[in-house]
Amino acid sequence: MATATPTLEQIRRRSLLSGTIGAIVEWYEYTVYGVAAALVFGHLFFPNLSPGISQVVSLATFGVGFLARPVGAFVAGHLGDRIGRKSTLVLTFSIMTVATAAIGFVPTYQQIGVAAPLVLCVLRLAQGFAVGGEWGGAAIIAVENAPRERRGYFGAWPQIGVSAGLLLGTAAVSLSSWLSGDAFDEWGWRLPFLFSVVLAVVGFFIRLRATESPAFLAEKAKMDAELERRKAPAAVLLREHRRPLLITVFGRFAEAGNYYLFTTFILSYVTTTLGAPKSYGLTASMIGAAVNIVAIPLFGAVSDRIGRVRTFLVGGALIVVTTWPIFALVHTGKLWAVTAGVVLFLALGHAMVYAPLPALYCEMFPTSVRYSGISIGYQMASVLLASFTPALAGAMVLWADGSLWMVIAFAIVTTLIAMVAIAFAPDRRGRSLDELDSLLASRRADDGARVTAAH
């Protein structure tokens, strides 16, 4: 019996689910590591160091994964632009799932010595490689299949993956802590890593039902017919699309590192520096993530109405003016204050700068190099900022004798850099992707003609 051809609406729905659910599962797996690094990895894998230093080193292993993200972005970008978005996303999903489950079995320092943190770092690198190719594919598969007037809204949905993963990850750690009690440091911390296998089954089922976008299929057919154009996407990107690539990198400065300041770092700061219960940071993160999940699609839709750039700039301004009050709340060490601070950041500033990025970035690159462009730019920013931000923030607190002024200044300056970069971004909402491809091709041809005339 022949299988019915999916309708356009079904294709859009499956693509949106593939990008969103897959991102949620992968970010759950990524988040679980961050939470464990903040809470237990310091004394389990680096017990020979002082408590403060072991905490910084533990958070640094969280940053190790970011070093592999540009590599994953290059590889996945090439495969995604040449073979297909769907196949590439299945590959990154598989690598992430295997690496995360394996972390749940890694022996501690007391069991195998220095090999323990080394194995941990290798698996963390594998996680980073997978995430390096995940974000671009998830964003593209949603945006390329979206109606032109709703690309901001569709593109925003995979963005909830970070906060949904944070919510599920912290909830899983909290549940594991409750189930294992005093044995959490012994074996309870392993449960959230092993549970990722169950989530992966759901993710695989949904991701395999996704469909390549018409824009990519048309571009692939064109490249197959014109073999001379089959150049490495990364080479074309660096030669012909440097301006949008730089905007993509620096545009992330508002949220790349700041997200981890207000989630992973705060978990460590509240517990280690302020001496508050672990539940304070976990509760604040879960409530903030839940609000963020609602806010991101909302501001994605707002970007369809007022523009991606305007939405981003308003969000950046909110981060600048609220950073000091938020950290003042957190510094009190009270549950309600810590929660209010995290919620304020995630519900307003972060949601407004994060929601419009997929549509904005996709609209800056042609279909032929879109996966490479947004993946490489996005992940380069991760290395520059997000990678070691929690560890750097912890070191800043030590240098400032417990004061947060350096952390606050860091958050404000990086946000201002992002606002300047995005101010130079074009706003192309409402145009079809085919029209944008023609526009960008025409501009490249004009630029080439001017260069030839100059010589």
Side-chain angles (χ1 to χ4, degrees), residues 5-20 77 80-82 84-86 89 136-159 210-226 229 233 236-237 240-241 243-245 247-248 251 297 299-312 355-375 377-378 422 424-447:
T5 302
T7 64
L8 179 59
E9 187 62 33
Q10 288 175 323
I11 290 174
R12 286 173 173 168
R13 185 169 59 249
R14 290 177 183 177
S15 298
L16 190 61
L17 280 173
S18 173
T20 305
D81 284 328
R82 289 296 178 259
R85 284 64 161 125
K86 175 182 174 179
L89 284 172
I140 287 173
I141 206 167
V143 172
E144 286 187 341
N145 284 292
R148 70 170 72 181
E149 70 280 359
R150 301 188 71 195
R151 285 199 294 260
Y153 176 73
F154 271 62
W157 276 98
Q159 297 292 76
T211 305
E212 295 288 3
S213 71
F216 171 75
L217 293 176
E219 182 65 27
K220 187 174 187 301
K222 187 192 306 181
M223 288 188 295
D224 289 342
E226 303 174 21
R229 295 189 60 194
V236 177
L237 176 73
E240 301 178 4
H241 304 281
R243 178 188 173 97
L245 182 61
I247 293 174
T248 303
F299 288 121
V302 168
S303 78
D304 286 324
R305 299 293 298 274
I306 70 171
R308 328 292 186 210
V309 174
R310 288 180 183 176
T311 304
F312 184 98
L357 290 186
L360 176 65
Y361 285 179
C362 284
E363 290 164 353
M364 288 197 298
F365 296 97
T367 304
S368 59
V369 297
R370 184 170 292 134
Y371 205 134
S372 295
I374 73 172
S375 293
Y378 190 94
I422 294 298
F424 287 96
D427 199 328
R428 293 168 175 157
R429 71 186 190 280
R431 294 188 176 187
S432 69
L433 295 179
D434 289 341
E435 183 182 354
L436 292 179
D437 280 349
S438 298
L439 172 67
L440 293 171
S442 176
R443 289 185 176 179
R444 289 200 304 275
D446 292 342
D447 291 342

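The basis for the numbers below is simple: all heavy atoms, side chains too, and nothing from hydrogens, waters or symmetry mates. No experiment lies behind these values; they were computed from the predicted model shown.
- Taking Arg151 as the reference, Glu363 meet the side-chain hydrogen bond (donor to acceptor under 3.5 Å, both in side chains) condition, with sequence neighbours excluded.
- Of the inter-residue distances, the one linking Ser375 atom OG with Arg370 atom CZ reads 12.0 Å to the nearest 0.5 angstrom.
- Residues Gly307 and Arg429 approach most closely at CA-NH1, 3.4 Å, considering heavy atoms.
- Proximity of a side-chain donor or acceptor of Arg308 to a complementary backbone N or O of Asp427 within less than 3.5 Å is not detected.
- The distance from atom CZ of Phe365 to atom OG1 of Thr248, rounded to the nearest 0.5 Å, is 3.5 Å.
- With sequence neighbours excluded, no residue forms a ring-ring contact (aromatic ring centres under 6.0 Å, His included) with Phe312.
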Q: Give the C-alpha distance, both sets of side-chain angles, the deciding distance and a yes or no for side chain to side chain contact (heavy atoms under 4.5 Å, CB included) between Tyr361 and Val143.
A: CA-CA 10 Å; Tyr361 285 179; Val143 172; over 6 Å; no
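- Remark: Tyr153 engages Trp157 in a side-chain hydrogen bond (donor to acceptor under 3.5 Å, both in side chains) (not counting sequence neighbours).
- Considering only heavy atoms from C-beta on, Ile422 comes within 4.5 Å of Leu360 through its side chain.
- Remark: the backbone N or O of Asn145 is paired with a side-chain donor or acceptor of Arg12 at under 3.5 angstrom.
- Pairing each heavy atom of Tyr371 with each of Gly77, the nearest pair is CD2-CA, 3.7 Å.
- In this structure, OG1 in Thr367 is found 5.5 Å from CD in Glu144, a value given to the nearest 0.5 Å.
- Closest approach of Arg243 and Phe424 over heavy atoms only: NH2-O, 3.3 Å.
- Shown here for Asp304 and Gly152, the closest heavy-atom pair between the two residues is OD1-N, 2.8 Å.
- Put simply, the side chain of Phe154 does not reach to within 4.5 Å of the side chain of Pro358, judged on heavy atoms.
- Of the possible polar contacts, none joining the Arg148 side chain to the Arg431 backbone as a donor-acceptor pair under 3.5 Å is found.
- With rounding to the nearest 0.5 Å, the separation of OG in Ser372 from CG in Leu237 is 6.5 Å.
- Within the model, atoms CE of Met364 and NE2 of His241 stand 11.5 Å from one another, a figure rounded to the nearest 0.5 Å.
- Judged purely by atom type and a 3.5 angstrom limit, Ser18 has no side-chain atom pairing as donor or acceptor with the backbone of Arg14.
- Residues Ala156 and Pro297 share a closest heavy-atom pair of CB-CA, 4.0 Å.
- Across every non-hydrogen atom of Cys362 and Ile140, the tightest pair is SG-CG1, 3.8 Å.
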